[in-house]
Amino acid sequence: MELLCHQQRRATSVLWPEDIDRRLNILVRAAAAAGERTSRAELLAALVAAIEVEPEQVAALLHHYRRLPADTLADDEDRADLPAVRTPGPRRTTPA
C-alpha cells in the first residue's frame with residue numbers, strides 16, 4: 001500500500017503574512033517537542049489533508065482567518081518552551 005506522504009512531490013509557492021510564517025515555524029517546533037521530526041512542507045500537507053472538504057466548513061475557516069486582529073499571533077514570538085529546530089539546506093557561515 002502506497003502512503004499519501006510518499007507520493008510524488010509538487011512544489012508550490014505560498015505568499016502569506018510574516019506572522020503566519022512564524023506560526024508555521026512554531027508548529028514545527030511543537031511537533032519536535034512531541035518527538036516528531038518533520039518539515040514545514042510536511043506539516044502544511046498534514047494540515048491540508050486534515051480539513052474536511054465541506055464548503056461551509058472551508059468558508060467558515062476563511063471567514064474566521066479574515067477577521068483575526070493583526071496581533072493575534074504576537075504571543076508566538078517567543079516560545080522558550082519549545083525546542084529550536086534546524087532547517088534543512090545550506091548553513092550560513094560567518095566570516096573569519
Side-chain angles (χ1 to χ4, degrees):
M1 171 180 72
E2 182 182 12
L3 298 176
L4 178 62
C5 64
H6 294 149
Q7 285 184 343
Q8 183 176 346
R9 303 282 186 220
R10 181 175 182 122
T12 185
S13 263
V14 178
L15 185 63
W16 55 21
E18 289 179 355
D19 282 356
I20 297 295
D21 197 63
R22 279 192 290 277
R23 170 56 77 93
L24 180 56
N25 290 335
I26 292 292
L27 293 173
V28 170
R29 291 173 59 198
E36 294 292 328
R37 290 187 65 179
T38 191
S39 65
R40 292 165 46 98
E42 184 179 42
L43 185 53
L44 282 173
L47 292 169
V48 169
I51 189 169
E52 293 294 326
V53 183
E54 294 293 332
E56 291 78 20
Q57 286 181 326
V58 174
L61 182 69
L62 282 169
H63 293 162
H64 174 76
Y65 168 71
R66 290 172 180 160
R67 289 190 300 264
L68 291 173
D71 64 351
T72 297
L73 304 179
D75 290 343
D76 280 355
E77 199 65 36
D78 182 29
R79 290 293 307 260
D81 60 317
L82 299 175
V85 176
R86 290 179 52 165
T87 57
R91 304 284 176 240
R92 292 185 182 177
T93 57
T94 55

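- Here the closest non-hydrogen pair linking Leu43 and Thr38 is N-OG1, 4.0 Å.
- Residue pairs meeting the salt bridge (charged side-chain N to carboxylate O under 4.0 Å, His left out) criterion with at least one member in residues 48-63: none, sequence neighbours excluded.
- Of the possible donor and acceptor atoms, one in the side chain of Arg29 sits under 3.5 Å from a partner among the backbone N and O of Arg79.
- In plain terms, the two heavy atoms of Leu82 and Ala30 that are nearest each other are CD2-CA, 3.9 Å.
- A continuous path of ILVMFWY side-chain contacts below 4.5 Å connects Ile20 to Val85, so both sit in one hydrophobic cluster.
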N/O donor-acceptor pairs under 3.5 Å from side chains in residues 3-16, not counting sequence neighbours:
from  : atom 1 : to    : atom 2 : distance (Å)
Arg9  : NH1    : Cys5  : O      : 3.2
Arg9  : NH2    : Cys5  : O      : 3.1
Trp16 : NE1    : Asp21 : OD1    : 3.2

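- For the residue pair Ile26 and Asp76, the shortest heavy atom distance occurs at CD1-O, 3.3 Å.
- Under the side chain to side chain contact (heavy atoms under 4.5 Å, CB included) criterion, Glu36 pairs with Ala31, not counting sequence neighbours.
- By the salt bridge (Lys or Arg N to Asp or Glu O under 4.0 Å) test, Asp71 pairs with no residue at all, sequence neighbours left out.
- Rounded to the nearest 0.5 angstrom, Leu62 CG and Gln57 CD are separated by 12.0 Å.
- By the side chain to side chain contact (heavy atoms under 4.5 Å, CB included) test, Arg22 pairs with Glu18, Asp19, Glu77, sequence neighbours left out.
- Remark: Thr72 pairs with no residue by the side-chain hydrogen bond (donor to acceptor under 3.5 Å, both in side chains) rule, at least two apart or across chains.
- Linking Ile, Leu, Val, Met, Phe, Trp and Tyr residues whenever their side-chain heavy atoms come within less than 4.5 Å places Leu68 and Leu24 in a single cluster.
- Summarising the geometry of Arg40 relative to Asn25, their closest heavy-atom pair is NH1-OD1, 2.6 Å, with the distance given to 0.1 Å.
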